[in-house]
Amino acid sequence: QVQLVESGGGLVQAGGSLRLTCAASGTIFTFNDMGWYRQAPGKQRELVASITSGGSSNYANSMKGRFTISRDNAKNTVSLQMNSLEPEDTAVYFCNAVLILGQFGPPLNYWGQGTQVTVSS
């Protein structure tokens, strides 16, 4: 019943900026981890950035200094601010959320449908 809905994707010129937002619904629990992955044509899906419920963030090396991840636990949303975009950033970006119920529960993984980001040169 959990749904993750992404928004903010589109077409942007190289060097420009874009902000992606993911809104979660269908649960009263706070996700342990939320993040963004991306998949370019012909390539494997890769981690872009993630953030814990406590606000600790992690980034892939190629995104450090250009991208910023943030979340609002009260609203169950996570955003990705992307600056200095490059054509290599062109991909479908997916929202991801991980939920652990109880001290010994298994991790539950949820995914959004994806949003297209295209960077022109």
Side-chain angles (χ1 to χ4, degrees):
Q1 296 181 7
V2 173
Q3 278 193 314
L4 304 178
V5 180
E6 303 101 331
S7 62
L11 176 64
V12 66
Q13 188 178 354
S17 299
L18 212 59
R19 184 177 179 86
L20 306 181
T21 299
C22 172
S25 63
T27 179
I28 64 172
F29 300 104
T30 300
F31 292 103
N32 300 79
D33 299 281
M34 301 187 75
W36 292 90
Y37 289 72
R38 71 184 185 185
Q39 187 168 20
K43 296 185 178 181
Q44 298 289 330
R45 185 173 299 185
E46 64 175 346
L47 172 70
V48 177
S50 64
I51 185 169
T52 68
S53 60
S56 180
S57 60
N58 295 281
Y59 300 89
N61 288 333
S62 62
M63 291 78 172
K64 290 182 178 179
R66 300 190 299 123
F67 293 3
T68 302
I69 190 171
S70 61
R71 66 182 289 174
D72 187 331
N73 290 340
K75 298 180 179 179
N76 259 356
T77 60
V78 60
S79 296
L80 183 69
Q81 179 66 46
M82 304 185 292
N83 299 324
S84 301
L85 285 164
E86 305 168 353
E88 292 75 19
D89 296 318
T90 296
V92 177
Y93 285 70
F94 296 90
C95 180
N96 170 252
V98 178
L99 178 63
I100 301 176
L101 297 177
Q103 186 176 0
F104 306 104
L108 304 177
N109 223 48
Y110 301 95
W111 294 92
Q113 79 284 355
T115 184
Q116 177 70 47
V117 172
T118 303
V119 184
S120 62
S121 60

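Small disclaimer: the values here were computed from a predicted structure and weren't measured.
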Same cluster (ILVMFWY, side-chain, under 4.5 Å), V92 and V117: no
Rounded distance [0.5 Å steps], CG in L99 versus CG in N32: 6.0 Å
Inter-residue atom distance S25.OG - Q1.CD, 0.5 Å rounding: 10.0 Å
Any side-chain heavy-atom pair of S79 and R19 under 4.5 Å: yes
Non-neighbouring partners of S17 that pass side chain to side chain donor-acceptor pair (under 3.5 Å), sequence neighbours left out: N83
Side chain to side chain donor-acceptor pair (under 3.5 Å) against T118, all qualifying residues, sequence neighbours excluded: Q116
Exercise: identify the closest heavy-atom pair between T90 and A40: O-CB, 3.7 Å
Nearest heavy atoms of L47 and A60, plus distance in Å: O-CB, 3.5 Å
Non-hydrogen side-chain atoms of M82 and L20 separated by less than 4.5 Å: yes
Rounded distance [0.5 Å steps], CD in Q13 versus CG in L85: 11.0 Å
Distance (rounded to the nearest 0.5 Å) between L80 CG and M34 CE: 12.0 Å
S53 vs R71 side-chain heavy atoms within contact, under 4.5 Å: yes
From CA spacing to verdict: side chain to side chain contact (heavy atoms under 4.5 Å, CB included), N76, T27: CA-CA 9 Å; N76 259 356; T27 179; 4.1 Å; yes
Pairs where residues 59-110 contributes a residue and the test ring pair (Phe, Tyr, Trp, His ring centres under 6.0 Å) is met, not counting sequence neighbours: none
Identified side-chain contact (heavy atoms from CB on, under 4.5 Å) counterpart of V119 within the set L18, V12, L11: V12
Inter-residue atom distance D33.CG - I100.CD1, 0.5 Å rounding: 7.0 Å
Ring pair (Phe, Tyr, Trp, His ring centres under 6.0 Å) contacts touching residues 25-50 (sequence neighbours left out): Y37-W111
Close side-chain approach of P107 to V98, heavy-atom, < 4.5 Å: yes
Pairwise salt bridge (Lys or Arg N to Asp or Glu O under 4.0 Å) hits with a residue in residues 35-50, at least two apart: R38-E46, R38-D89
Interatomic spacing from CG in N58 to CE in M63 - rounded to 0.5 Å: 13.0 Å
Residue pairs passing the disulfide bond (SG atoms under 2.5 Å apart) test where at least one lies in residues 35-120, sequence neighbours excluded: C22-C95
Hydrophobic cluster identity match, V5 and I28, side-chain contacts under 4.5 Å: no
